[in-house]
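Everything quoted here is computed from the prediction, not taken from an experiment.
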Amino acid sequence: MKKLLILLLFTTTTFAQNVAKIDTGAINGANYRILFPENWKGKLVMYAHGYEFMGSPRQSRNPDFIKRMSTFLERGFAVAASDYQYQGFALPQGVDDTEALRQYFIGKYGKPDSTFMVGHSMGGGISLATIENFGDNYHGALPLCPFSSRPYLQCRKEYDIYATFNGLFPNVVTSLKDIFDLNKPYQAQDSRKMFSRAKEIKAAIFAKDSLLALAFAKRFDLKIDDLPMSLFFNENVLRDIAQKAKGNPFDNTNTLYSGFPNDLEVNKKAERLPATVDSKILFGKYERTGNINKPVVLMHTIYDQLIPPTYGVSNFENMVRQQAKDQYFTVKYTNGQAHCSFTPKQTAIAFDELRDWVKTGKKAKAGFVE
């Protein structure tokens, strides 16, 4: 879990490619970086980063960004990446800022021979939304551990974790009522305190009922050691949503929870709040559809403490099936045991198979990647 914040943005790679040129600047208030390898072959990867805590260092300032893009650079691709205009939940804004950067690239450097969309986590969701809405501009996409469900449903999961946890383990984490109270000053939690705070949460829940804690974690597809960190992360997500939506876009007053050791107890004790704003304010733009018309290779780990396979793969797979677009969709999976914990080799294999699919027209095979 100590790699959580890093894994939200990138996988770890080994730098093996000199960069000949770096173009930096800002478009509509969103900083960007464009990397050109020495052997640039007129090809482009548009890269979308994952969720960033409010106030955390931006992608464009990360000294490791270049080596983390080496999978694409060493294959002769330029890499263009936007910071987005703001941090936190920025999926719709990320789509717009990525498209603005792509247009800037074409205006300055000409139209690439081929263009691929790649992203991790929320950036994977941006990749899918880009292919759904701007697919004509791309040859294919590689969403990695993506935020691929409908954005409302993905974030509602975080809300439901808090609602049920606060019912079973009161006074351990912040109440939903306080999180969505806009009359209280907003301050993002300090990510530097994440590990110490997680230890406090774990001690509190084990002191109350360790067996119930284990069952609760399992209900939400979590390992018990990941539950405290997930709660910390989810609080930041929900606080950010409250500020951006200017209220509570969720409503669990009619929700019937199940899958716990004692469902009756959970439903009686769950913290419940009505919605105070329309969910479309935040989640309406670029709603997920599954309507893809270009090759997509989605890669996911077998375990993910932030975006479980149900949300990262299955929900989108069903949308694609409903749209009758299976011919454009292939899923790869690894034995990774954390969010976006892919090896450089696994990323390279998935990317190369996507490129071969585009080149030959032969669909990439679904399945396990060593």
Side-chain angles (χ1 to χ4, degrees), residues 4 7-11 30 45-53 59 81-99 101-102 116-135 137-138 140-159 233-234 236-238 240-241 244-245 249 279-280 282-292 294 296-301 304-320 323 325 328-332 339-340 342 347 350 354:
L4 175 60
L7 291 172
L8 292 175
L9 306 179
F10 314 105
T11 55
V45 162
M46 297 298 302
Y47 180 77
H49 71 72
Y51 188 95
E52 293 177 341
F53 282 4
Q59 172 181 251
S82 172
D83 277 354
Y84 321 145
Q85 291 182 31
Y86 50 77
Q87 294 177 298
F89 180 78
L91 197 153
Q93 190 63 51
V95 174
D96 289 339
D97 290 339
T98 297
E99 175 58 16
L101 179 57
R102 188 194 65 81
F116 291 88
M117 186 70 223
V118 180
H120 288 85
S121 195
M122 185 181 72
I126 289 168
S127 297
L128 290 173
T130 296
I131 288 297
E132 288 176 341
N133 293 277
F134 300 99
N137 303 319
Y138 291 84
L142 178 64
L144 300 160
C145 53
F147 191 116
S148 68
S149 293
R150 292 178 54 213
Y152 174 87
L153 290 180
Q154 173 70 42
C155 295
R156 172 62 195 265
K157 174 181 73 72
E158 326 305 349
Y159 183 90
F233 179 81
N234 290 351
N236 275 276
V237 171
L238 293 173
D240 175 58
I241 286 172
K244 286 188 170 75
S279 64
K280 290 186 177 64
L282 196 59
F283 302 115
K285 189 175 184 181
Y286 300 129
E287 174 66 289
R288 189 73 70 247
T289 65
N291 188 18
I292 56 175
K294 294 294 175 65
V296 172
V297 172
L298 186 158
M299 188 161 69
H300 207 281
T301 53
D304 189 316
Q305 72 274 42
L306 295 183
I307 306 178
T310 297
Y311 289 87
V313 179
S314 301
N315 290 345
F316 186 70
E317 176 194 7
N318 288 330
M319 294 182 208
V320 172
Q323 296 281 357
K325 295 299 178 70
Y328 298 113
F329 187 58
T330 289
V331 174
K332 299 282 188 180
H339 184 55
C340 290
F342 304 112
T347 301
L354 172 63

Heavy-atom pair with the smallest gap, counting every atom of Pro146 and Gly125: CB-N, 4.0 Å

Plane angle bin for His120 and Phe342 - parallel if under 30°, tilted between 30 and 60°, otherwise perpendicular: tilted

Least distance between heavy atoms, Lys294 atom then Gly135 atom: NZ-O, 2.9 Å

Residues 306-314 side chain polar contacts: donor-acceptor under 3.5 Å, at least two apart:
none

Side chain to side chain, Tyr84 and Met122, heavy atoms closer than 4.5 Å: yes

Nearest-0.5 Å distance, CG of residue Leu153 to CZ of residue Arg288: 11.0 Å

Smallest separation among heavy atoms of Met299 and Ala350, with atom names: SD-CB, 3.9 Å

Heavy-atom side-chain contact between Glu99 and Asn137 under 4.5 Å: yes

Side chain to side chain donor-acceptor pair (under 3.5 Å) involving Gln93 - partner list, sequence neighbours excluded: Asp97

Phe283 side chain near Arg150 side chain, heavy-atom distance below 4.5 Å: no

Distance flag, aromatic centroids of Phe147 and Tyr51, threshold under 6.0 Å: no

Any donor-acceptor N/O pair, Glu132 side chain to Tyr286 backbone, under 3.5 Å: no

Interatomic spacing from OG in Ser149 to CD in Gln154 - rounded to 0.5 Å: 5.5 Å

Nearest-0.5 Å distance that lies between atom OG in Ser82 and atom CE in Met46: 8.0 Å

Gap separating the CD1 atom of Ile131 from the CZ atom of Phe329, nearest 0.5 angstrom: 12.5 Å

Heavy-atom closest contact (Lys285 atom, Pro92 atom, distance): O-CG, 3.9 Å

Minimum heavy-atom distance between Cys340 and Asp304, given as atom pair plus value: N-OD2, 4.0 Å

Qualifying residues under ring-ring contact (aromatic ring centres under 6.0 Å, His included), relative to Tyr159, sequence neighbours excluded: Phe180, Phe250

Atom pair OG1 (Thr130) and CD1 (Ile292), whose distance is rounded to the nearest 0.5 Å: 13.0 Å

Nearest non-hydrogen partners of Pro143 and Leu128, listed with the distance: CG-CD2, 3.7 Å

Backbone N/O of Gly119 and side chain of Ser127: donor-acceptor pair under 3.5 Å: yes

Min side-chain heavy-atom separation Gln59-Tyr47 under 4.5 Å: yes

Side-chain heavy atoms of Arg102 within contact of Phe134, under 4.5 Å: no

Distance (rounded to the nearest 0.5 Å) between Leu142 CG and Leu298 CG: 8.5 Å

